[in-house]
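To start, the structure under review is shown below, and the notes come after it.
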Amino acid sequence: MNTELFKSRHAFVAGLLLLGFAVWFFSTGDWESARSFRFGSGWTALVLFAMVLAYVLRKNVHKAGISPEFKMRVPLAKLEKAESRLSGLRVLISSGKLTDPAEIMERGKAMLKQEGVQRVIKLRLLENAEGQQILRAVPTDPLGRMARWMHAHLYYGLAAGGMVWLHAGGMPQSSMGYALAGLTLVVVLSGIGGIFLWAVMPRILTKAERDLSVEKAHALLDSLDRKVALAYESVDASTRAVCEDVDKSGENFTQRIEAARKAAPEDAEARRQAEDLMALLGQRRQVRGEWKALMRIKQRMHVWRVVHLPAAVLLSVVILIHVVSVLWY
Amino acid sequence: MSELPKELYEHRLLVDLSPKQKKLLESEAYLEVAPAGEVFARQGEYTGRFCIVFEGGVGAYREEEGVTANLGVYGPGDWFGEMSALSNQPELATYRVDVRCVLLVIEPPLFRQLHRKVGKKESKFQQLVDASYRERSLSIHLRVAPVFKGLSASMLKQLGKQAEFIDLEEGTVVAAENDPAAALFLVRSGAVKCSKTDHRGREIILSYHMANSSFGERCLTDHRSWPGAYTAIAPTSLIRIPEAVFASTLATNEGALALLRKTADFMVADEEGFSASDSAILAQRAAEAPAASQEQLEIMVGRQSVKGGEALVINLDQCVRCNACVESCVSVHEDRVPRLSKTGTRVQDTFTLASSCYNCEVPECMMSCDYGAIRRDVKGQINFVWDNCVGCQCCSHSCPYGVISMTPPPIVPGEKPKYKRHWFLQTLPFVGKYFTGSRPAVMMPEIKEEHPNVGALRGAKVQGKAIKCDLCEGLPFEACVYNCPTDAIGRENPEQLFLSMES
Ligand code: SF4
Ligand code: SF4
Ligand code: SF4
C-alpha cells in the first residue's frame with residue numbers, strides 16, 4: 001500500500017479546522033438562531049471547495065500550457081553562465097577552501113541573482129557518503145508539486161464534506177440542502193474510494209505486469225498489427241477469408257486456427273506464408289488477452305472517477321446556485 | 001563567418017589539413033581576443049572547446065585540497081583543451097588568461113572533424129594533439145590518483161616516464177582471474193568490470209572501475225592475484241604501470257615506497273569488501289537484479305551514465321498510471337511531442353527507469369553527429385542545437401538507450417501546427433482522445449549545402465528533427481516530476497537507486 005498519499009500537513013490543518021467548527025457547533029445551543037455559526041461555516045466550506053477546485057484548475061491550466069510559471073522561462077545561455085559560476089564555487093568547496101554552509105549558500109544565491117536565474121533554479125547543499133559537501137542546483141517548482149496539491153485536494157475536500165454537514169446543522173432543512181448534502185456525500189465517498197484504490201491497486205498492477213507492462217503490451221500490439229497487415233497482403237484471397245473469419249470470431253480460437261492450419265494450401269511457399277499469418281494471429285490474440293487483463297486492473301483503479309467527476313461538476317453548480325440564492329434573498 | 005588570417009595554416013597543427021578541413025575551419029572556427037583575467041573553462045565544467053594561442057598567455061590552475069596548483073602556462077603557438085575534448089570528461093583545471101591573448105577557438109564538432117586521418121595517415125593535428133594529450137593527461141592522472149597521494153611531483157614524473165597507455169575495445173579482457181597481479185592500472189576513460197564465475201556458471205560482478213579510478217593496487221601488496229577477470233565494458237583508455245617500475249623508481253626512497261604500499265593495502269581491503277565500498281555494493285545489487293536490469297546497469301556503467309547523469313525513475317507501487325507525466329511533457333514543448341516514455345527497464349519489480357536521456361558521460365549521440373547539432377553544456381547536460389539538425393537520424397541510431405526520437409515531418413512544409421486549435425478539447429476527460437488526430441508539424445530542416453557530409457544525406461528520407469528529454473529547458477520545473485499527483489516519478493542517480501534497494 002502506498003502510504004505516501006496519507007502523509008500530509010494539509011491533513012493536520014484540515015482536521016484542526018473541522019475540529020474547531022465541531023466544537024463551535026456543539027457549543028451552540030440553538031443552531032436555528034446561530035447566524036454567525038451558519039455564516040462562518042458556510043463561507044469556510046466555500047473556501048474549502050475553492051481550494052479543492054484549485055487542484056483541478058492548476059492541473060488543466062498546466063496541461064494547456066498557460067500556467068504562469070511558463071512565463072518564467074530563461075534562455076539556456078543564462079542558465080549555463082550561472083552553472084559555470086557555480087562550478088567555480090564547487091571547486092572551492094571540494095578543495096576545502098570554502099566550508100561554511102551559510103557562506104556557500106550566500107555566495108551561490110548571489111550568483112544566481114546576478115545571472116537572473118534565481119526564479120528558475122535554487123540551491124541545495126547536501127552531504128555525500130564521505131561527508132563532503134555537494135552543492136546542487138535544482139528547479140524551484142514555483143507553485144509546488146502536484147502531489148502536494150493532491151494532498152490539499154484530498155484533505156480540504158474531506159473537511160469541506162464535514163463542514164457542509166455542520167453548516168446544515170446535521171440535517172438538511174430544504175430540498176437545496178438535501179441536494180447539497182447528498183452530492184457532497186457522493187463526491188466525498190467516491191473520493192475516499194479513489195484514494196483507497198490509488199493506494200492499493202498500483203502494487204497489484206505492478207505484480208500483474210511482471211512479464212509484460214501495459215505500455216509494452218500496447219507497443220507490441222501496434223507492431224503485431226503492422227506485421228499482421230503485411231502478412232495478410234502476402235496470402236491468397238481464400239486463406240485471407242478463412243483467417244479473417246477465425247480472427248473475428250473469438251470462440252474456439254485455438255481449435256479453429258488449428259483446423260485452418262491443416263486446411264492451408266498445398267503449395268509449400270503459400271503454406272508457409274499462411275502459417276506465418278496464423279502464428280502472428282495467435283500471438284496477437286495472446287498479447288491482446290494479456291493487455292485486456294492489465295487494462296481491466298487499470299480501469300478498476302480509475303473506476304471511481306466515473307462517479308466522482310460528474311458528481312463534482314453537479315455539486316459545483318448546486319453550490320453556485322445556493323450561494324447566489326442566499327446572497328440574493 | 002569569422003575572417004581567419006592565411007598565416008594560420010603555418011601553425012604546426014594546421015600545416016597539412018585537407019581542403020575539406022580547411023573549408024570547415026574557415027567556416028566554423030573563430031578568433032577570440034580575451035583580456036587578462038578572463039576564464040575560458042572552469043575545473044569540473046564540461047566544455048570540450050579546444051584553443052590555439054596566437055598571442056599572449058593562458059594559465060592552467062587546479063584546486064587541490066585548498067591549494068591552487070599551476071599546471072602550466074600556454075604561450076603563442078601552444079594549445080589547450082584537448083583533454084576534455086578527447087576524453088569527454090569535465091575539465092581538470094581552470095584556464096585563465098594571464099596576459100591579454102588572441103586565440104583560435106575550435107568547438108567540439110569541428111574538433112572531431114580535424115582530429116581525423118587525412119587520407120590514410122594521421123594528420124599533424126591528430127599526432128601532435130594526441131602527444132600533448134598523453135603527456136598532460138598522464139601528469140594530471142598520476143597527480144589525482146588516490147594511490148599516489150603523498151608522492152612528490154618529481155617521483156610522479158619518474159613513474160610517468162615508464163607508464164604505458166593502452167586503448168581497449170569493448171569486451172577486451174585486461175586481466176584473468178587468479179593470474180598474478182603484476183601492474184597497476186589507472187582508468188582514463190571508459191569502464192572496466194571485475195567479475196568471476198560462481199559454481200553454477202553464473203557471472204558475479206565484484207566491482208566496476210570508471211574514469212579516474214584505478215585497480216591493481218594489489219601488485220604492491222601481499223594479495224597478489226586478481227580476484228576476478230577484468231573486462232572493458234566500453235571503449236576504454238588505461239594507463240598501465242608495471243610493478244617493477246615502482247621498485248626501480250622508488251628504490252632510493254624507502255619512505256615513499258612504504259607509504260605507497262600502505263595506501264595500496266587500504267585500497268585492496270576496500271576492494272575486497274572489508275569496508276563495503278559503493279562499487280562493491282553496486283555490483284552485488286547488479287548480481288541480484290533480474291537479467292534485463294543487470295544488462296541495463298552494465299550498459300549504463302559502461303557508458304559512464306551512472307556517474308554522469310540522473311535517471312528518471314518511476315516507483316511503480318506509487319504510480320497510478322494516470323499519464324499526467326507524459327501529458328505535461330507534451331505541454332511544455334512547442335511541437336507537442338512527449339520526450340518521455342513510461343516503458344523502460346524494470347529494476348527489482350518496483351522501479352522503472354523511464355526512457356529519458358541519461359546525459360551520459362560518453363554521449364554516443366553527440367559523437368555521432370557531424371553537424372554540431374548536439375552539444376554538452378557546462379554542467380554536462382546534452383542539448384540539441386535545432387538550427388543545425390538536418391534530420392539524418394545518426395544520433396537516434398547511436399543512443400544505446402533509444403531515447404532520441406524524430407519529430408514527424410510536416411504534411412506541407414511551412415504549415416502551422418494544427419493541434420493548437422484543438423488543445424482545449426484534447427484536455428477533456430474521456431472524450432479528449434478523439435481530438436488528437438491532427439499531427440504536430442515542424443518545419444522541414446534546411447540542409448546546409450556547404451557541409452562536407454551533406455552528400456551522405458542525398459536521397460535519404462529526412463525525418464523532422466531529433467528530440468529527447470531536455471529537462472524542460474529553461475523552465476523552473478521538470479514538468480513530469482512537477483505534475484505527478486502521487487510523487488511516483490523523480491530524478492535519481494541510478495547508482496544510488498541500486499545502492500538504496502533492499503537486498
Ligand atoms: S504522473 Fe506519476 S502517477 Fe501518473 S503515470 Fe506518471 S509517474 Fe505514474
Ligand atoms: S541521448 Fe542517449 S547517448 Fe545521448 S546522452 Fe542521452 S542517453 Fe546518452
Ligand atoms: S524533464 Fe521535461 S523534457 Fe524531460 S521527460 Fe520530464 S517533462 Fe519531458
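Labels below follow one simple rule: chain letters A, B, ... track the order of the sequence lines, proteins then strands, and each chain is numbered from 1. Predicted model, so just to flag it, every value in this text is computed and none were measured.
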So which part of [X] gets closer than 4.5 Å to some heavy atom of chain B, the side chain, the backbone, both or neither?
X	result
Leu98(A)	neither
Arg203(A)	both
His218(A)	neither
Pro75(A)	neither
Ile121(A)	neither
Leu197(A)	neither

Side-chain contact test, heavy atoms from C-beta onward, threshold under 4.5 Å: evaluate it for [X] versus [Y] and give yes or no.
X	Y	value
Asn483(B)	Lys63(A)	no
Ser84(A)	Arg42(B)	yes
Pro485(B)	Trp149(A)	no

Any chance you could measure [X], atom [atom1], to [Y], atom [atom2], to the nearest 0.5 Å?
X	Y	atom1	atom2	value
Cys480(B)	Met146(A)	SG	CE	13.5 Å
Met201(A)	Cys319(B)	CE	SG	13.0 Å
Phe70(A)	Ser331(B)	CZ	OG	4.5 Å
Glu45(B)	Arg85(A)	CD	CZ	12.0 Å
Cys322(B)	Met301(A)	SG	CE	8.5 Å
Gln43(B)	Leu92(A)	CD	CG	9.5 Å

State whether Glu209(A) and Arg321(B) are salt-bridged, where the test is any N-O pair (Lys NZ or Arg NE/NH1/NH2 against Asp/Glu carboxylate O) under 4.0 Å.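 Looking at Arg321(B) together with Glu209(A), the answer is yes, because their closest N to O distance falls below 4.0 Å.
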Going by an N to O cut-off under 4.0 Å, is there a salt bridge joining Glu478(B) and Arg145(A)? no
Donor-acceptor pair, [X] side chain versus [Y] backbone, under 3.5 Å?
X	Y	value
Thr206(A)	Leu316(B)	yes
Tyr482(B)	Pro139(A)	no
His62(A)	Val332(B)	no

Under 4.5 Å, counting heavy-atom pairs only, tell me which of Glu327(B), Arg62(B), Glu473(B) racks up the most with chain A.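 Highest number of pairs under 4.5 Å: Glu473(B).
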Inspect the surroundings of [atom1] in [X] and state if more than 12 heavy atoms from other residues, nucleotides or ligands are less than 6.0 Å away.
X	atom1	answer
Lys81(A)	NZ	no
Arg491(B)	CZ	yes
Phe6(A)	CZ	yes

Check Val320(B) against Pro202(A) and note the closest heavy-atom contact, atom names and distance.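 Of all heavy-atom pairs spanning Val320(B) and Pro202(A), the closest is CG1-CG, 4.0 Å.
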Do you know which of Arg58(A), His153(A), His151(A) has the most heavy-atom pairs with chain B at a distance under 4.5 angstrom? Arg58(A)
So what's closer than 4.5 Å to chain A heavy atoms on Val39(B): side chain, backbone, both or neither? neither
Go through the atoms of Asn383(B) and report whether side chain, backbone, both or neither lie under 4.5 Å from a heavy atom of chain A. side chain
Would you mind telling me which of Arg148(A), Glu4(A), Met150(A) makes a side-chain contact (heavy atoms from CB on, under 4.5 Å) with Asp487(B)?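 Answer to the side-chain contact (heavy atoms from CB on, under 4.5 Å) test with Asp487(B) among Arg148(A), Glu4(A), Met150(A): Arg148(A).
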Could you tell me if Arg73(A) sits above the aromatic ring of Phe477(B), with its cationic atom closer than 6.0 Å to the ring centre and no more than 45 degrees from the axis?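 The answer is no; the distance or angle limit is not met.
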